[in-house]
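The next block holds one structure in the form of structure tokens; read it before the comments.
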Amino acid sequence: MNIIKPALLKDGDTIGILAPSGAMQDDTNLKRGISFFEKRGFKIKLSDNIYSSNRYLAGSDKERLSAIHKMFSDKSVNAIICLRGGYGAIRLINQIDYDLIRENPKIFCGYSDITALDAMFLKRAGLSTYSGPMIMSDFGQENLCEYTINKFFQTVQEGKFDYEGRFWGGNLSTLVSLCGQDFIPDFKFILFLEDLNEPPYKIDKMVTQLFNIEKLRKNVEAVAIGDFLDVEEDINYIFEDLKVPLIKNFPTSHSDKKATIPIG
């Protein structure tokens with residue numbers, strides 16, 4: 001499997017803000033996020049559907065699909081950062097033009113529901129994306145997390161990451177939503193996982209569902225455990241029962257503090 005590594009971000013590049021999943025209720029954080037990047041000398045381009053709303057989605061499936069295709073095909077856009085997660089990406093995965101993605105590789109960053117796009121872009125287009133901060137939850141916050149901001153630029157501008165290995169994963173519940181698709185990488189990898197608002201038995205259930213996939217069991221070399229927010233009891237036993245090497249306190253999270261992790 002040939003992995004396409006996008007070009008690193010350069011000063012003065014154009015960053016596209018894409019809304020492939022949930023709708024935006026208020027644009028305060030969007031405006032702050034735009035200001036954050038413009039003050040650093042970057043140019044900003046918004047997807048056509050950024051203000052669209054269709055129930056809990058950022059516009060219809062057709063609008064969001066068109067926005068993805070337009071952002072990737074736009075030669076002036078050097079990097080894409082997702083507006084937010086929520087829900088909606090899996091509605092699009094079988095309609096995306098993966099040849100277009102492959103032919104127009106660029107930085108693509110997001111987490112939570114965006115995990116579905118990260119996984120499918122890698123599997124079907126060979127594009128290495130980034131699990132990392134987004135506009136509403138991170139760059140648009142009033143009080144920015146210095147760790148998150150620093151790690152983002154270290155990874156996408158300098159190509160530096162604090163861990164060695166080939167990483168794949170993201171939000172646990174989103175990965176499980178892909179079951180039934182051909183989404184597991186064809187290479188050995190370290191599986192990184194995080195989630196929030198899930199009780200221990202559901203985390204156990206979802207991890208078990210993933211490890212019931214023979215190809216995943218075969219290719220997982222280790223598991224990197226990030227934050228499982230709002231879980232008050234110890235859940236390490238779920239991962240220890242897998243009998244694979246564990247990396248604990250891995251910096252993937254729904255919290256303010258998160259690293260930017262190269263996928264694949």
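We count residues from 1, following the sequence as given.
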inquiry  = Do I213 and I184 have side chains that approach each other closer than 4.5 Å (heavy atoms only, starting at C-beta)?
reply    = yes

| Any ion pair linking D13 and K43 (charged N to carboxylate O, less than 4.0 Å)? | no

Fill in: Charged N-O contact under 4.0 Å between K31 and E38
no

Under 6.0 Å between ring centres, would you say that holds for Y130 and Y111? no

- Task: Could you tell me whether F239 and F228 have their ring centroids closer than 6.0 angstrom?
- Result: yes

**Item:** Between S112 and N171: side-chain donor-acceptor atoms closer than 3.5 Å
**Value:** no

Testing the 3.5 Å rule here: is there a donor-acceptor pair between the side chains of D195 and S173? yes

query = Ion pair present between K258 and D138, side-chain N to carboxylate O less than 4.0 angstrom?
reply = yes

Using modelled atom types and a 3.5 Å cut-off, is there a donor and acceptor pairing between side-chain atoms of Q141 and backbone atoms of M136? yes

Looking only at heavy atoms, the pair that brings F187 and G264 closest together is CZ-CA, 4.0 Å

**pair E240-L246: side-chain heavy atoms closer than 4.5 Å** = yes

Applying side chain to side chain contact (heavy atoms under 4.5 Å, CB included), run through F36 and I149 and close with a yes or a no. CA-CA 11 Å; F36 168 83; I149 301 305; 3.7 Å; yes

* Please examine the side chains of I17 and I44, heavy atoms only from C-beta on, and report whether any two atoms are closer than 4.5 Å. => yes

Between G165 and I190 the two heavy atoms that sit nearest each other are CA-CD1, 4.2 Å

Find out whether L30 and L46 are in side-chain contact, i.e. whether some heavy atom of one side chain is under 4.5 Å from a heavy atom of the other. yes

Discussion item. For D186, is there an ion pair with K123 - N to carboxylate O distance below 4.0 angstrom?
Written reply: yes

Q | S253 versus D227, side-chain donor and acceptor atoms under 3.5 Å | A | yes

What one should report as the nearest heavy-atom pair of S60 and E63 is N-OE1, 2.8 Å

*Parallel, tilted or perpendicular: which fits the ring planes of Y163 and F167, with parallel below 30° and perpendicular above 60°?*
perpendicular

Checklist line | Criterion side chain to side chain contact (heavy atoms under 4.5 Å, CB included) on C109 and F152, from CA distance to verdict | finding: CA-CA 10 Å; C109 187; F152 173 78; 4.1 Å; yes

* **Within-4.5 Å side-chain heavy-atom neighbours: L193 and L175** => yes

(Q) Do F121 and I96 make a side-chain contact, defined as non-hydrogen atoms from C-beta onward lying under 4.5 Å apart? (A) yes

| said: Just checking K257: does its NZ atom have more than 12 heavy atoms from other residues, nucleotides or ligands closer to it than 6.0 angstrom? | reply: no

What one should report as the nearest heavy-atom pair of P262 and T155 is CG-CG2, 4.0 Å

ask   = K45 and S76: side-chain donor and acceptor closer than 3.5 Å?
value = yes

- Ion pair check, D11 and R40, cut-off under 4.0 Å: no

- Message: Is it the case that over 12 heavy atoms from other parts of the model lie below 6.0 angstrom from the CD atom of E158?
- Response: yes

